[in-house]
Structure formats: C-alpha cells, structure tokens
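This report concerns only the one structure given below.
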Amino acid sequence: MTAPRACILVVEDNPLNLKLAKTLLELDGYEVVSASDADEALAKLEERVPQLVLLDIQLPGMDGVELTRKLRGDPRFASLTIVATTAYAMKGDDERFLAEGFDGYIPKPIEQGTFGREVEKYLGRSRAAPQPENPP
Ligand code: MN
C-alpha cells in the first residue's frame with residue numbers, strides 16, 4: 001500500500017498557468033483538482049476538501065482575496081491551507097496576504113526549479129494532512 005497522495009486544488013483562470021502548475025504537481029505525484037474561477041472552486045471544495053489550495057488572486061468575478069475571506073468564515077474551511085499565487089507580489093505583501101487569511105504566497109510566473117519545494121513547504125504546515133489509514 002502506498003501512502004494516499006495529497007490532493008491540491010489549483011484555482012487559476014489563465015489556461016497556460018493552470019496547465020503548467022497541474023503538470024508540475026502531477027509529476028511530483030500529487031492529485032490535482034482545478035478550477036478556473038471562485039464559483040468553480042467553491043463547487044470543487046463542496047465535493048472534496050484538499051490538503052492545499054493554490055489560489056490565483058486575479059480571477060474574473062470574485063477574486064482570490066474575497067474567496068479566502070468567504071472560506072475563512074466557514075468552519076469547514078477555517079483551517080484549510082490556502083496559498084495565494086500572484087504576479088503582483090511586492091515587498092511587504094507577505095504580511096498583507098497573511099492578514100487576508102492566506103497561509104502564504106507563491107509568486108508568478110511559476111519557477112519550475114523551486115515550485116515543488118514551495119508546495120512541499122506549505123503541505124508540511126497543513127493542518128488538514130490526511131491521517132494514515134493504518135497507523136503504525
Ligand atoms: Mn488570474
């Protein structure tokens with residue numbers, strides 16, 4: 001029996017960014033669920049709670065900040081690990097994203113050399129890590 005793979009929800013409206021993130025994450029062995037806007041993300045979260053959400057800030061309609069606010073107000077998602085992905089990260093943004101309810105952020109464009117480690121770092125912090133089915 002292999003350990004259950006961590007599930008990651010990627011919310012991204014740019015098809016190329018989504019494809020790159022999905023490809024890299026799948027190569028690292030993660031199960032990837034994707035959504036192209038906040039409403040689709042909410043629908044996917046109703047079906048299944050992932051170990052990590054990579055959430056684009058700039059989305060059509062409800063943006064990533066608004067979606068995170070909404071999720072944090074729901075007890076089911078209060079401790080979900082949510083990481084912002086944005087091309088507009090600037091010095092001091094760490095604090096801003098943390099204050100908005102994110103666990104951190106990963107700047108875009110995605111750096112293929114460091115993306116996997118960044119994701120691993122946030123998964124390690126996950127408060128929703130899957131429990132082994134047969135504890136030792
Ligand atoms: Mn976007």
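Excluded from the calculations below are hydrogen atoms, water molecules and symmetry mates; all remaining heavy atoms, backbone and side chain alike, are included. For ligands, and for the atoms within them, numbers begin at 1 and follow the listed sequence.
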To the nearest 0.5 Å, tell me how far Lys108 NZ sits from Glu111 CD.
-> 13.5 Å
Tyr105 side, atom OH; Thr85 side, atom OG1 - distance, nearest 0.5 Å = 12.0 Å
Backbone N/O of Leu59 and side chain of Asp56: donor-acceptor pair under 3.5 Å | no
Any N/O/S of Gln58 under 2.8 Å from the Mn ion (ligand 1)?
-> yes
Nearest 0.5 Å please: distance from the NZ atom of Lys22 over to the CD1 atom of Ile8.
-> 11.5 Å
Looking at the Mn ion (ligand 1), is one of the N, O or S atoms of Asp56 less than 2.8 Å from it?
-> yes
Closest approach to the Mn ion (ligand 1) by Asp13, given as the N, O or S atom name | OD1
